[in-house]
Visitor: 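One structure coming up, written as C-alpha cells, with questions to follow.
Labels below follow one simple rule: chain letters A, B, ... track the order of the sequence lines, proteins then strands, and each chain is numbered from 1.
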Number of protein chains: 2
Amino acid sequence: MSAVKIIIADASMPSAVGLRDLLTTVSGYVVEAIVGNGKELLAHMANRPCDLVLMEVSMPVMDGIDTMRAMHQLHPKVVVLAVTKLHAVEYINSMLIEGATGYFLKSGTQDELLLAVRAVLRGERYLSPAAQESVDKGYAHTSKDPSGPYVGLTSREREIIRLVALEYTNDEIAAALFISADTVKTHRRSLMSKLNVRSAAGLVKYAVDREWI
Amino acid sequence: MSAVKIIIADASMPSAVGLRDLLTTVSGYVVEAIVGNGKELLAHMANRPCDLVLMEVSMPVMDGIDTMRAMHQLHPKVVVLAVTKLHAVEYINSMLIEGATGYFLKSGTQDELLLAVRAVLRGERYLSPAAQESVDKGYAHTSKDPSGPYVGLTSREREIIRLVALEYTNDEIAAALFISADTVKTHRRSLMSKLNVRSAAGLVKYAVDREWI
DNA sequence: CTCACAATACCCACAAATGGTGATTTTTCA
DNA sequence: TGAAAAATCACCATTTGTGGGTATTGTGAG
C-alpha cells in the first residue's frame, strides 16, 4: 500500500519543521508540502491531492476555522488533524463542527502526536487530554452544545471585532466604516451574544486568537 | 574547540523539536535540553551551564521577558536569542533591554534562523527584518525610546491586568482582591500609561501575549 | 534614616460601553 | 419571487471606564 501524503499548514517555521521531522521518522508517511495559511493550503490542494492535513488553527490571512469550512466543501475526504496551542472550547468545537477529525495541543508529547495521527487516519476522533477536559468543562459551565451548529460571524462583524481589538472606540469605528455609531453598537451586541462573552475583553481575545489583528 | 551547548525554552513541542532538529544538522551545535518555561530553564541552568539559549517570549508560568531579566542577573555570559511569533515593538524592546542578543521571528526561514544563531554567537545583535521594521516604526510613531529603561509592572498591576483580561469589571476585581474599586481604577490608569495603550483592549492583548491568562 | 515607590483610597467630571426594544432596507439564496 | 439573513439606524436607561488631581501608609534600597 502507498504512503500517506501529508500537508502541514502552519505559519510558524520551527513548528512546521518539527511536525515534518516527527512524521518522517515514521515509515509510510510523506510530507508533501508545508504551507503558511489557509489560502496557500487550498491553492496547493487544488491540483495536488493529499490524504491528511495537519492544520494550525491560528494562522494569518485565512485561519484554521475558515479553512476547515472550505476544505469540508472542496475536499470532504481529506482527513484533518488540528494542531495548535489554543485550548478554549470555542475553537475545539468550531474545528470539530467544521469537519476536523482530531484536535492535538502543541503542549503534548511527540508520542501523543503520533498516536493522534494514527487515530485520525483510522477515522477515529482524537482529542488531547487537556482539550477533552476543556470541552467537558465548557459543556457543563456554559451549556454550549459541542455538537450544535457553529455560529459564524458575518463579514461586517469581523470588521467590527477587528477594530475593537485595535482599540478603536465605537465612534472611530463608525467613522472608519462610514456607518452610524448606533449600528456599531448593534454589531457589538450580536458579537458578544454570539461569542458568549461579557465585555470587549472577550471580543479582543477572540480576534487575537484568530489572528484577525 | 568544543561544541556550543544550547538549551531551547519553548512550551510548544513541535516548535522545540523543529528548532532542535535545525540546529543538530549543523556540526558544532549540541542541544542539551528542551524546557517548557522560564522556571524550568533556570532550574536546569543552575547546575548545568550552557552557551546559548533559544527562548520563546510567550511561555506559561514564567515568560521570556521575566526569564530574560533573571538570566541577566544569574548568568550574564549566556547568549540569548529570542525566538517567537510576537512582532510588536514592546516585546522586542523589552527582550533587548533585558539582555537578549537577537530577536528571531518564527515566520522566518530556516536559513535565517541559522544566520541569527551564528550572529548572536559572534556577539552581534540580530533582528529579523520584520522585527527591525517594527522597531523603526514604533520608534517614529510612538516616540518610545527603544534604548530607554524597561518599565516593569508591579505584582499588583499584574494581578489587575490579568483579571481585566478575564472579563472582570472593576467592581469584581475589587471584590476579588479585597480592595476598593477606586484603587482598581488607579492601577488601571498606571497600567494604561505604562503600556501606552488607549483602552482595555490594549491591556487584554498584552496579558494574552505574555500568557498571563 | 531618608527617599522612592508600591499600594491604597477618595474626589470630580466626562466619555464610552452595555442592555433593551423596535424598525427599515438590502442582500442572499433556495 | 419570497423568505431568511445581514446590515442599517434610532431611541431609551444604566453601568462601566477613562482622565484629572490629591493624599496617606508602608516598605525596601541606598
Side-chain angles (χ1 to χ4, degrees), chain A residues 66 69-70 72-74 97 142 148-208 212-213, chain B residues 66 69-70 72-73 142 148-208 212-213:
Chain A
D66 286 337
R69 157 161 293 192
H72 206 55
Q73 296 292 323
L74 301 169
I97 289 165
T142 70
Y150 167 63
V151 198
L153 304 185
T154 68
S155 58
R156 202 48 153 178
E157 284 168 347
R158 290 181 186 222
E159 295 185 85
I160 307 260
I161 196 176
R162 192 173 156 272
L163 295 177
V164 169
L166 287 174
E167 303 185 55
Y168 283 53
T169 65
N170 285 342
D171 285 342
E172 290 168 343
I173 296 173
L177 301 181
F178 305 105
I179 56 178
S180 149
D182 285 311
T183 305
V184 177
K185 290 178 192 172
T186 303
H187 284 304
R188 282 182 82 134
R189 249 176 306 150
S190 33
L191 278 167
M192 294 177 64
S193 162
K194 280 184 179 179
L195 299 179
N196 196 220
V197 298
R198 304 176 60 202
S199 69
L203 299 183
V204 173
K205 283 188 283 181
Y206 191 84
V208 168
W212 287 346
I213 43 135
Chain B
D66 287 337
R69 155 161 294 192
H72 205 55
Q73 297 291 322
T142 70
Y150 168 63
V151 197
L153 304 185
T154 69
S155 59
R156 203 50 154 174
E157 286 168 345
R158 290 180 185 222
E159 295 184 85
I160 306 261
I161 196 176
R162 191 172 157 275
L163 295 178
V164 169
L166 288 174
E167 305 185 54
Y168 283 54
T169 66
N170 285 341
D171 285 342
E172 289 169 343
I173 296 173
L177 301 182
F178 304 106
I179 56 179
S180 147
D182 286 311
T183 306
V184 177
K185 289 179 191 173
T186 304
H187 284 305
R188 282 181 81 134
R189 252 183 304 161
S190 34
L191 277 166
M192 293 178 66
S193 162
K194 280 183 178 179
L195 299 178
N196 196 219
V197 298
R198 306 176 58 201
S199 68
L203 300 182
V204 173
K205 282 188 284 182
Y206 191 84
V208 169
W212 286 347
I213 43 135

Visitor: Tell me: CG of A:Leu177 to C1' of D:dC9, nearest whole Å?
Guide: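 Result: 15 Å.
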Visitor: By nearest atom, which of the nucleotides C:dC10, D:dT8, C:dT8 is closest to the A:Thr183 side chain?
Guide: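 Closest nucleotide among those given: D:dT8.
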Visitor: Between atom CG in A:Asp182 and atom P in D:dA10, what is the gap in whole Å?
Guide: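 From A:Asp182 CG to D:dA10 P: 6 Å.
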Visitor: Could you list the residues that satisfy salt bridge (Lys or Arg N to Asp or Glu O under 4.0 Å) with B:Arg188, not counting sequence neighbours?
Guide: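 So B:Arg188 forms no salt bridge (Lys or Arg N to Asp or Glu O under 4.0 Å) with any residue.
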Visitor: Reading nucleotides 25-30 of chain C from the 5' end, what letters show protein touch, with B for base, S for backbone sugar-phosphate only, - for no heavy atom under 4.0 Å?
Guide: ------
Visitor: How long is the line joining CD1 of A:Ile173 and P of D:dT8, in whole Å?
Guide: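 A:Ile173 atom CD1 is separated from D:dT8 atom P by 12 Å.
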Visitor: Taking the side chain of B:Ile179 as its heavy atoms from C-beta onward, which of D:dT8, C:dA9, C:dA6 lies nearest to it?
Guide: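 Ranking D:dT8, C:dA9, C:dA6 by closest atom to the B:Ile179 side chain puts C:dA9 first.
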Visitor: Please report the shortest heavy-atom distance between B:Arg158 and B:Leu153, naming the atom on each side.
Guide: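 So the two residues come closest at NE-O, 3.6 Å.
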Visitor: Tabulate below the donor-acceptor pairs under 3.5 Å that side-chain atoms of residues 160-168 of chain A make, not counting sequence neighbours, or state none.
Guide:
unit_1: A:Arg162; atom_1: NE; unit_2: A:Trp212; atom_2: O; d: 3.0
unit_1: A:Glu167; atom_1: OE1; unit_2: B:Arg198; atom_2: N; d: 2.7
unit_1: A:Glu167; atom_1: OE1; unit_2: B:Ser199; atom_2: N; d: 3.4

Visitor: Mind listing the closest non-hydrogen atom pair of B:Leu177 and B:Glu159 along with its distance?
Guide: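 Shortest heavy-atom contact: CD2-OE1, 3.8 Å.
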Visitor: Are the side chains of B:Ile179 and B:Arg156 in touch, meaning some heavy atoms are under 4.5 Å apart?
Guide: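 When only atoms from C-beta onward are counted, B:Arg156 and B:Ile179 do touch, with a gap below 4.5 Å.
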Visitor: Below 4.0 angstrom from OP1 or OP2 of D:dA7, is there any side-chain N or O of A:Thr154?
Guide: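 Looking at the OP1 and OP2 atoms of D:dA7, one of them is under 4.0 Å from a side-chain N or O of A:Thr154.
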Visitor: For A:Ser190, which residues count as a side-chain contact (heavy atoms from CB on, under 4.5 Å) partner, sequence neighbours excluded?
Guide: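 A:Glu157.
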Visitor: Taking atom P of C:dA6 as reference, at what distance in whole Å does atom CD of B:Glu159 sit?
Guide: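 These atoms are roughly 15 Å apart.
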Visitor: Between D:dA6, C:dA7, D:dA10, spot the one nearest the side chain of B:Arg156, thanks.
Guide: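 The answer is C:dA7, which lies nearest to the side chain.
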Visitor: Grab the NE2-P distance between A:His187 and D:dA5 for me, whole Å please.
Guide: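 Taking NE2 of A:His187 and P of D:dA5, I get 17 Å after rounding.
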Visitor: Nearest-Å distance, CG (A:Leu191) to P (C:dT18)?
Guide: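 Spelled out: CG on A:Leu191 to P on C:dT18 is 11 Å.
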Visitor: Toss me the dot-bracket line for DNA chain D: Watson-Crick and G-U wobble, both under 3.5 Å, 5' to 3', using | for pairs to another strand and [ ] for crossers.
Guide: ||||||||||||||||||||||||||||||
Visitor: Tell me: CD1 of A:Ile160 to P of C:dA17, nearest whole Å?
Guide: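 Distance check: A:Ile160 CD1 to C:dA17 P gives 12 Å.
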Visitor: Roughly how far apart are B:Asp171 CG and B:Ser180 OG, rounded to 0.5 Å?
Guide: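 The CG atom of B:Asp171 sits 9.5 Å away from the OG atom of B:Ser180.
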Visitor: In whole angstrom, what separates A:Leu153's CG from D:dA5's P?
Guide: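 It works out to 16 Å between those atoms.
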Visitor: With rounding to the nearest 0.5 angstrom, report the CD1 to NZ distance, B:Ile213 to A:Lys205.
Guide: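 Rounded to the nearest 0.5 Å, the CD1-NZ separation comes out at 5.5 Å.
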Visitor: Can you build the contact string for nucleotides 13-30 of chain D? Use B for base contact, S for sugar-phosphate-only contact, and - for no protein heavy atom under 4.0 Å.
Guide: ---SSBBBB---------
